[in-house]
Amino acid sequence: VAAPAAVNPPGVVGLAAAELHPSVNDPLLDSMNFLNEVMDRYPDAISFAPGAPDESFFVDIDVAAYLQRFSDYLCDVRGLDQAGIRRALFQYGPSQGLINDLVAEALRRDLQIPAQPQDVVITVGCQEALVLALRVLHRDGDVLAVVSPSYVGVTGAARLLDIPVVAVQDLGAGPDLEVLRSECARVRALGGRVRSLYVAPDFANPSGSRLDLSTRKALLDHAERLDLLVLEDSAYAFTAADDAPLPTLKALDTTSRVVHFGTFAKVAIPGARVGYVVADQWVRDGSGDVRRLAVDLATAKSMVTVNTSPIAQALIGGMLLTHGGSLATLGRAKADRYRENLRLLIAALRRHLGDPADRVDGIGWTEPTGGFFLRMRLPVPADEALLHRCASEFGVLWTPMQAFYIGGGGEREIRLSCSYLKPAQIDEGVRRLALFLADIDARD
Ligand SMILES: Cc1ncc(COP(=O)(O)O)c(C=O)c1O
């Protein structure tokens, strides 16, 4: 798209940025754009920046066959005739979704989450589900606790919705529950309440952290005592090795404290923009009637995107059905590839930079067992200027971590993603990164 003129033409309304909602002037909301711009500017650089899926998985996707598979299902299982099938796919549809039964069944089967179709809302990506839940669950002034560092989609959405956020530091294997407790007490002393905690227990973006079983239980225990809802983002849970499964928080949740979020962006295709939320909480209205929270999320959704594209849902539904209705089966080949890429990335770091435990120069990195990301510590601030120098002189890109931290932190950290690169690029990228780090060292 051509850049607009620098000045609005005479006689045409000019809007002051200061009069727009303050969130749009917040650099946090621009952090995704910033990375896209950097990637466009250095097209030949090897990029450890994007958390996007490997595009070779798109090559064999036969959209027509998947749509046919779902149409057959509508006929055979739901008894629709051709007109009914056309209506389901081409007409406006229910805000709560079209493939809720398939998603609920997959969650029951693969993740032992006891979801019923009526507990599920199918959303425009996980991102919309997060926005809807933040909006519906937080009254004016209610505070969201966020594990820091965290996915900017959550903190950015909170900013967009004027929801105040408090940070709970990630200790590497989970949130600091002492800080969670003290932040809840601090907010309460000020007359407010922390309503919910956002956490990604399985290979979080950007930290790669995974919570062990006892931390999951302790977290749920704290949520109970502090009367918090837990917003569980499971975007990368599918990458866990088959021999190392851990229950989701939702599977461990006996009191309906956990709202569970997922996406088909990483196990299927991000372009379909299909995600989901399991919101089985009981909501009581003034006359004592009860309904599921999913109903309220769908009501909010009807004012945002009306319904998730039925064609996109049908595509995902067809993909699920073709893989036996199983999320795990749908994601298996991808999970294997991403785990292999992560292993190659860690091996390349060790080959070119040695054992992180032996380094004494401020360089270090985490070694997660799943997800798309690891984080690396540098001996100098990892700011935009450093990223441009690394890209222009060494041909390698990464993501500065600072934007992922709430209230400061991460100034010397970068995120490396393994999802978008071919194995040979991973080794070459790390070789270049090592040269860049040696150059930093030589300049100091
Ligand atoms: C942790 C996390 N949650 C949610 C999302 C958004 O997923 P979707 O593309 O389904 O909106 C992402 C996207 O990268 C993510 O990293």
Side-chain angles (χ1 to χ4, degrees), residues 28-29 31-33 35-36 39 47-55 57-58 97 99 103 120-134 144 146-158 160 170 175 197-211 230-240 248-250 259-278 297 301 304-305 308-309 312-313 315-316 319-320 327 330-331 334 338 342 368 370-375 399 401 403-406 415-420:
L28 178 67
L29 270 74
S31 50
M32 304 271 193
N33 274 344
L35 277 179
N36 290 338
M39 279 184 60
S47 182
F48 290 107
D54 179 342
E55 292 177 8
F57 287 118
F58 303 159
I99 58 170
V103 171
V120 174
V121 185
I122 308 295
T123 51
V124 180
C126 181
Q127 185 64 28
E128 188 197 24
L130 290 166
V131 171
L132 295 174
L134 291 185
L144 168 71
V146 172
V147 177
S148 179
S150 235
Y151 171 52
V152 286
V154 170
T155 41
L160 198 61
D170 177 5
L197 167 73
Y198 168 84
V199 60
D202 288 290
F203 315 116
N205 176 10
S207 65
S209 298
R210 190 180 201 208
L211 275 53
V230 178
L231 311 182
E232 176 184 40
D233 185 338
S234 67
Y236 302 97
F238 76 101
T239 60
T248 60
L249 294 174
K250 188 66 194 156
V259 183
H260 180 88
F261 299 84
T263 177
F264 288 96
K266 324 285 174 179
V267 289
I269 44 175
R273 306 302 306 127
V274 177
Y276 54 86
V277 49
V278 181
L297 297 181
K301 179 175 169 63
V304 184
T305 52
T308 301
S309 158
Q313 293 186 69
L315 170 59
I316 295 298
M319 291 178 95
L320 257 181
L327 271 165
L330 177 60
K334 296 174 184 88
Y338 294 134
L342 194 58
F372 284 10
F373 313 106
L374 61 79
R375 51 174 157 166
T399 306
M401 283 278 287
F404 297 111
Y405 280 83
I406 300 141
R415 184 191 76 176
L416 299 183
S417 166
C418 70
S419 63
Y420 197 68

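Start at 1 and go down the list; that is how both ligands and their atoms are numbered.
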Practice item. Would you check if Val277 and Glu128 make a side-chain contact, meaning some heavy-atom pair closer than 4.5 Å? Key: no

Check your understanding: What protein heavy atom sits nearest atom 9 (O) of ligand 1, and how far away is it?
Key -> Arg273 NH1, 2.9 Å

Review point. How far is atom 16 (O) of ligand 1 from its nearest protein heavy atom, and which residue and atom name does that atom have?
Key: Tyr236 OH, 2.6 Å

Point to revise | Within 45° cone of Phe238 ring axis and under 6.0 Å: Lys334 NZ or CZ | key: no

Exercise for review: Would you please classify the geometry between the Tyr338 ring and the Phe57 ring as parallel, tilted or perpendicular, with 30° and 60° separating the classes?
Suggested key: perpendicular

Point to revise | Closest approach of any protein heavy atom to atom 6 (C) of ligand 1, naming residue and atom | key: Tyr151 OH, 3.3 Å

Exercise for review: Can you pull out the closest protein heavy atom to atom 2 (C) of ligand 1? Residue, atom name and distance to 0.1 Å, please.
Suggested key: Asp233 OD2, 3.4 Å

Exercise for review: Identify the protein heavy atom lying closest to atom 14 (O) of ligand 1, giving its residue, its atom name and the separation to 0.1 Å.
Suggested key: Lys266 NZ, 2.9 Å

**Study point:** Atoms in ligand 1 flagged as close to Ala265, the criterion being non-hydrogen separation under 4.0 Å
**Key:** 9 (O), 10 (O)

**Study point:** Close side-chain approach of Phe404 to Thr155, heavy-atom, < 4.5 Å
**Key:** no

Practice item. Using a 4.5 Å cut-off on heavy atoms from C-beta on, say whether the side chain of Asp170 contacts that of Arg375. Key: yes

Exercise for review: Would you check the N or O atoms of Cys126, main chain and side chain alike, for any that come under 3.5 Å of an N or O of ligand 1?
Suggested key: yes

Review point. Strictly under 6.0 Å, is that where the ring centroids of Phe372 and Tyr420 end up?
Key: no

Point to revise | Thr263 neighbourhood, listing ligand 1 atoms whose heavy-atom distance to it stays under 4.0 Å | key: 8 (P), 10 (O)

